[in-house]
There are 2 protein chains.
Amino acid sequence: MNQDTSPQALREAIRRGDFTGNTSGYSAGFVQCNLTILPADWASDFLRFCQANPKPCPLVGMSTSPGDTALPPLGSIDIRTDVPSYRVFRDGEFTEEVNDITALWRDDLVVFALGCSFSFEEALLADGLDVRNVSEGVNVPMYRTNIECTPAGPFKGNMVVSMRPFKAADAIRAVQICTRFPSVHGAPIHLGDPGLIGIEDINQPDYGDPVTLADDELPVFWACGVTPQVALEAAKPPFAITHSPGHMLVTDLRNSQLAVL
Amino acid sequence: MNQDTSPQALREAIRRGDFTGNTSGYSAGFVQCNLTILPADWASDFLRFCQANPKPCPLVGMSTSPGDTALPPLGSIDIRTDVPSYRVFRDGEFTEEVNDITALWRDDLVVFALGCSFSFEEALLADGLDVRNVSEGVNVPMYRTNIECTPAGPFKGNMVVSMRPFKAADAIRAVQICTRFPSVHGAPIHLGDPGLIGIEDINQPDYGDPVTLADDELPVFWACGVTPQVALEAAKPPFAITHSPGHMLVTDLRNSQLAVL
């Protein structure tokens, strides 16, 4: 298993229980997705939340009817077994982490696959930019902001952002590159002064790890896929399943296929 | 004469001597150009300078052979009479301002029409952005930077930039909008700390007027069409003609036709 492993082979290893780790860096060039699974009577509000907040919650695919375990446009997937690690939430509280949700599956569950920053980071790296969390080998720093998402039913909350530092010219280039990928968070939503979006201390991320920010660099902020998780915690559905952080659904879709231009 | 005047009618009025003013705001939607006219034995170095520095010197059109007074792709133009005000330079020194260069015309002159920020400002305004120099009714502030242009023969010098302040989200939008218009300076070349590109005091522009920069705004910098004028002053050709600042060549080309996407 490495960057050259096909998504199909990687999912088969995951399905067999032979791979349970972080998927970052595996099956390079292919789209990895955030996962949210909800009962049908919560799904339409969550779908509206995604549609109203496409930058933090870019919907790449969803199951066609409740109980479906397949996601045909994203590959030959059994969603019960093909993600290396899942988190189960009951009444909005995280209760357990598992490598297989076959035993938990229900006929009313609806699957949402949301775009992930790995796709645009690959495009930034391919352009020669230094993606700090990658070059420093840590998780990207993420922050709660004061930017309110548009609520939908019980789903609501402030946007969570990820941050990558760049010199100004590279920040401008990053805007250009990421604009091509609206379904994986798209262009940054802020750059410069963190205080303007409610971040008090850039060195104290709410999730992930701090990274070096040089004097001649700007912090550049992207809407982050942790946002739907915050909305999920606010909504407190009786039952929900997500991927474990960094343990993504690896699809057959190529990152380049998400480019709008 | 107003924003609805066609470029043809405006040029006819200029040709007759009935219009000698600033062209800003006239013939809305149509490309206005910076003008540089040089003797043929200086033209190829200047052309190389433009090609090596496309952001400050975006070539929109040039005459097909020395002595030609027409620029067919840009409209039915007689370059000797169709610009409201010209500046004449001898040995790199500004010597006179005239409304007609028929008497100065020579068989060896080559005409260069370079893109101008009016085109992208129109696109920014159309998107609802506040272009500060427009809303404050002043000339855009311009600054000499420490960014060296790639020299070509005697043409050389540091890039001049124009500055427009925006909140971060609008700055990101401005990058997206201007990226579509590479032939009118394209995306900004810098944003944030002016000191990083050698600007000591943002309130003391080297050309144009200062504009208000709020605490929650970033200064955003574009490569500027004054740069070729600086290169001209450095090269000191024995004879050269440019437009007078703000008195542009108004063409039949629509701004939208310059969009690459």
Side-chain angles (χ1 to χ4, degrees), chain A residues 53-56 120 123-124 127 129 143 145-150 158-159 161-182 185-199 202 213-223 259-261, chain B residues 53-56 120 123-124 127 129 143 145-150 158-159 161-182 185-199 202 213-223 259-261:
Chain A
N53 302 284
K55 295 205 81 165
F120 75 73
L124 295 173
D127 207 70
L129 270 64
Y143 308 83
T145 69
N146 60 11
I147 304 167
E148 269 182 64
C149 291
T150 303
N158 286 1
M159 195 187 297
V161 295
S162 61
M163 187 279 285
R164 293 160 191 83
F166 291 104
K167 288 194 169 71
D170 286 345
I172 291 166
R173 184 72 187 131
V175 171
Q176 295 179 314
I177 291 167
C178 292
T179 295
R180 298 182 64 220
F181 295 95
H185 304 305
I189 57 113
H190 183 64
L191 47 76
D193 186 355
L196 292 173
I197 56 170
I199 298 170
I202 199 74
L213 173 63
D215 282 348
D216 61 352
E217 293 180 327
L218 293 155
V220 182
F221 300 92
W222 277 263
V260 290
L261 299 172
Chain B
N53 301 283
K55 296 205 81 164
F120 76 72
L124 296 172
D127 208 70
L129 271 64
Y143 308 84
T145 69
N146 60 11
I147 304 167
E148 268 182 64
C149 291
T150 303
N158 286 2
M159 195 187 296
V161 295
S162 61
M163 188 280 284
R164 294 161 189 82
F166 291 105
K167 288 194 170 68
D170 287 344
I172 291 165
R173 185 73 187 128
V175 171
Q176 294 179 315
I177 292 168
C178 292
T179 295
R180 298 182 64 221
F181 295 95
H185 304 305
I189 56 112
H190 182 65
L191 46 75
D193 186 354
L196 292 174
I197 56 169
I199 298 171
I202 199 74
L213 173 64
D215 282 348
D216 62 352
E217 293 180 326
L218 292 155
V220 182
F221 299 93
W222 277 262
V260 289
L261 300 171

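All values below come from the heavy atoms of this structure, side chains included, with hydrogens, waters and symmetry mates left out. Letters A, B, ... mirror the listed sequences (proteins, then strands); counts begin at 1. Remember, it's a predicted structure, so these values are computed and weren't measured experimentally.
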Whatever's closer than 4.5 Å to a heavy atom in chain A on B:L261 counts as side chain
Inter-chain donor/acceptor N,O pairs below 3.5 Å: chain A to chain B:
| from | atom 1 | to | atom 2 | distance (Å) |
| --- | --- | --- | --- | --- |
| A:Q176 | NE2 | B:T179 | OG1 | 2.9 |
| A:T179 | OG1 | B:Q176 | NE2 | 2.8 |

So, the part of A:L218 with a heavy atom under 4.5 Å from chain B: the answer is side chain
Note: vs chain A, highest number of non-hydrogen pairs under 4.5 angstrom among B:P188, B:G195, B:A169 is B:P188
When every non-hydrogen atom of B:A187 is compared with those of A:I172, the smallest separation belongs to CB-CG2, 4.1 Å
